[in-house]
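The structure appears below as structure tokens.
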Amino acid sequence: MRRYSAFAVAREAFRNHSGWDRAWGNPVPKDRYDAIIIGAGGHGLASAYYLGKNFGIKNVAILEKGWLGGGNTGRNTTIIRSNYLQDPSAAIYEKSRSLYEDLSQELNYNVMFSPRGVIMLAQTEHEVRGYKRTAQANALQGVKTEWIGPERVKELCPIMEIRGPRYPVLGGLWQARGGTARHDAVAWGYARACADMGMHVIQKCEVTGIRAEGGKVTGVSTTKGDIGCDKLGIVVAGHSGHLAGMAGFRLPFESVALQALVSEPIKPCMDIVVMANTVHGYLSQSDKGEMVIGGGTDGFNNYTQRGSFHHIEETVRALTETFPMLSRLKMLRQWGGIVDVTGDRSPILSKTPLDGCFINCGWGTGGFKAIPGSGWGFAELMAKGESPLTAEFGLERFREGRFIDESVAAGVAH
Ligand SMILES: Cc1cc2nc3c(=O)[nH]c(=O)nc-3n(C[C@H](O)[C@H](O)[C@H](O)COP(=O)(O)OP(=O)(O)OC[C@H]3O[C@@H](n4cnc5c(N)ncnc54)[C@H](O)[C@@H]3O)c2cc1C
């Protein structure tokens, strides 16, 4: 595939952009692949990409029931950070964050990674203790974060009201190399790179059944016919329970709607990302000028890609306490995605009871930041049967009580 470059853009400008290749095709499924990944979200596409790049497994299909990136990958608020508490989490999230640093060069696709810095605000004494503890854990893990006081918070984000009224800002956990990236571009960049390796990204192809013989996976049934495979990766976020049911096992998580909204565009007023767990909302400003606001999860399990109205009201009311200037803005759009939340707020990257079938899910409200690292580790797990990055995230941890508790790091809706 022709590389994107300033020179190529200039050349194409002179020939009416007729020389570009399609970024990915519209292939007819083959009868059989070495590996099939179900779900063309960021995690599925990244897993396929690293299967090809790191392990030479390129006879791969990625099957998507809708359009690529149309699930949570294209619906999130794009926050990237790695300031988690437990060692296995810090390892996979920091691997991911560091891969984001040069992902645009790696994929030859501008994913617009913007390491503008992320603060997690402490607005109660409990949070102060929690984040100071995380800062110390991060220092031991080699993840660069620091505890900062309220004056520094105000300096970094002048539009914030740090004095209250209900919840004054007592400080925050600051990660200077955290930030955002363009979510669609992450999916498109991986999809293009997969197609370039000869992989098939097949959209509008819903998996309706998983076929097995003698306890081993043999393929899938889809709306485009039966397709055989040696290895199968299920990477479908909130739909994982359904797919696991087809493969004959159950998963310990809940599917709930998580929602976000954006305001009308305004002039640049905030050049960092702020998460406020106590008042429950998180905020950044997009390149277009919209204030991007993340809300909470619905308090009941559901599969709507909307979320309930009272949550928007709650989120906006809470955020305007800390950001009074928001009260003057009109909100433009709102949407939701179905997230897969585990009891310990950590993901599942695991073999399953069905031989040859692997699962990557449970990223819940915070998996966008993890896409490159998760793909890296999951590809290794699928190719070699084990990976140091995924070792602690197996399904057996729920049976054995080895939880990886990240309820502080993921306390706000991601
Ligand atoms: C509103 C919102 C805000 C968020 N904010 C952040 C954030 O700021 N930072 C962060 O790190 N994370 C955030 N997240 C979480 C993040 O978006 C997800 O964890 C991540 O995108 C999950 O990616 P995925 O590839 O696993 O799933 P998805 O992107 O959902 O992809 C799964 C795909 O599987 C497909 N599929 C399902 N069933 C089938 C089937 N039977 N056959 C074929 N295909 C199927 C779906 O159509 C979908 O495209 C947010 C999520 C939401 C909803």
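Position 1 is the first residue of the sequence, and the numbers go up from there. None of the values given here were measured: they were computed from a predicted structure. Just the heavy atoms: all of them, side chains too, but no hydrogens, waters or symmetry mates, feed the values below.
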Among pairs that include at least one residue of residues 260-283, which meet salt bridge (charged side-chain N to carboxylate O under 4.0 Å, His left out), considering only residues two or more places apart or in two chains?
none
Which pairs with one or both residues in residues 310-348 pass ring pair (Phe, Tyr, Trp, His ring centres under 6.0 Å), sequence neighbours excluded?
none
Kindly state each residue pair satisfying ring pair (Phe, Tyr, Trp, His ring centres under 6.0 Å) with at least one member in residues 110-134, sequence neighbours excluded.
Y100-F113
Under a 4.0 Å N-O cut-off, is there an ion pair linking [X] with [Y]?
| X | Y | value |
| --- | --- | --- |
| R397 | E400 | no |
| R399 | E396 | no |
| E290 | R333 | yes |

Anything under 30° is parallel, anything over 60° is perpendicular, the rest tilted; go ahead and classify Y33 against H200.
perpendicular
Can you label the angle between the Y93 ring and the Y84 ring as parallel, tilted or perpendicular, going by 30° and 60°?
parallel
Under the side-chain hydrogen bond (donor to acceptor under 3.5 Å, both in side chains) rule, collect the residues that match up with [X], sequence neighbours excluded.
| X | answer |
| --- | --- |
| T223 | none |
| Q285 | none |
| D230 | R32 |
| K65 | H239 |

Is it the case that the side chain of [X] and the backbone of [Y] share a donor-acceptor pair, with hydrogens and angles ignored and the cut-off at 3.5 Å?
| X | Y | answer |
| --- | --- | --- |
| T352 | C357 | yes |
| D340 | G364 | yes |
| S5 | A8 | yes |
| S96 | K369 | yes |
| H43 | G367 | yes |
| E64 | A40 | yes |
| D344 | D405 | no |
| T208 | S221 | yes |
| T77 | I79 | no |
| D196 | M1 | yes |

Decide side-chain contact (heavy atoms from CB on, under 4.5 Å) for T145 and T134; before the verdict, give the C-alpha distance in whole Å, the side-chain angles of both, and the deciding distance to 0.1 Å.
CA-CA 9 Å; T145 62; T134 303; 5.8 Å; no
For residues [X] and [Y], determine if any side-chain heavy atom of one lies less than 4.5 Å from a side-chain heavy atom of the other.
| X | Y | result |
| --- | --- | --- |
| I293 | V262 | no |
| M325 | C269 | yes |
| T73 | I371 | yes |
| R192 | L107 | no |
| W24 | W188 | yes |
| I119 | V153 | yes |
| T222 | P29 | no |
| Q259 | I312 | yes |

Do D102 and Q105 meet the criterion of a side-chain donor-acceptor pair at a distance under 3.5 Å?
no
Check: N76/T78 side-chain N/O donor and acceptor closer than 3.5 Å
no
Are more than 12 heavy atoms from other residues, nucleotides or ligands located less than 6.0 Å from atom [atom1] of [X]?
| X | atom1 | value |
| --- | --- | --- |
| K144 | NZ | no |
| R306 | CZ | no |
| F300 | CZ | yes |
| R133 | CZ | no |
| D287 | CG | no |

Looking at W67, does the NZ or CZ of K204 lie under 6.0 angstrom from its six-membered ring centre and within 45 degrees of the ring axis?
no
Identify every side-chain donor-acceptor pair in residues 50-57 under 3.5 Å, counting partners at least two apart or on other chains, and give the distances.
unit_1: Y50; atom_1: OH; unit_2: Y190; atom_2: OH; d: 2.9
unit_1: K53; atom_1: NZ; unit_2: E106; atom_2: OE2; d: 3.1

Step through it carefully: locate the ring centre of W20, locate the ring centre of Y4, and say whether they are under 6.0 Å apart.
yes
Could you give all pairs that pass the side-chain hydrogen bond (donor to acceptor under 3.5 Å, both in side chains) test and reach residues 240-255, with sequence neighbours left out?
none
Using the side-chain hydrogen bond (donor to acceptor under 3.5 Å, both in side chains) rule, collect all pairs that involve residues 158-178, keeping only residues at least two apart or in two chains.
S82-Q175, E101-R177, E161-R163, R166-E321
Pairs of donor and acceptor atoms involving the side chains of residues 178-187, under 3.5 Å and at least two apart or interchain, shall be tabulated with distances.
unit_1: T180; atom_1: OG1; unit_2: R116; atom_2: NH2; d: 3.3
unit_1: R182; atom_1: NE; unit_2: D184; atom_2: OD2; d: 3.3
unit_1: R182; atom_1: NH2; unit_2: D184; atom_2: OD2; d: 2.8

Measure the [atom1]-[atom2] distance between [X] and [Y] for me, rounded to the nearest 0.5 Å.
| X | Y | atom1 | atom2 | result |
| --- | --- | --- | --- | --- |
| W376 | L389 | CH2 | CG | 9.0 Å |
| I37 | L45 | CD1 | CG | 9.0 Å |
| T320 | R328 | OG1 | CZ | 13.0 Å |

Steps toward side chain to side chain donor-acceptor pair (under 3.5 Å) verdict (T278, E127)
CA-CA 8 Å; T278 294; E127 279 180 316; 2.6 Å; yes
Residues K154, E151; criterion salt bridge (charged side-chain N to carboxylate O under 4.0 Å, His left out); working and verdict
CA-CA 5 Å; K154 180 76 181 168; E151 297 74 27; over 6 Å; no
Verdict with reasoning, M160 to L121, per side-chain contact (heavy atoms from CB on, under 4.5 Å)
CA-CA 11 Å; M160 199 185 298; L121 294 184; 3.8 Å; yes
List the steps, then state whether side-chain contact (heavy atoms from CB on, under 4.5 Å) holds for V169 with Q123.
CA-CA 5 Å; V169 173; Q123 291 175 288; 4.0 Å; yes
Carefully, step by step, assess S346 and E406 under the rule side chain to side chain donor-acceptor pair (under 3.5 Å).
CA-CA 6 Å; S346 287; E406 288 295 356; 5.2 Å; no
Kindly write out the residues that satisfy salt bridge (Lys or Arg N to Asp or Glu O under 4.0 Å) with D298, not counting sequence neighbours, or none if the list is empty.
none
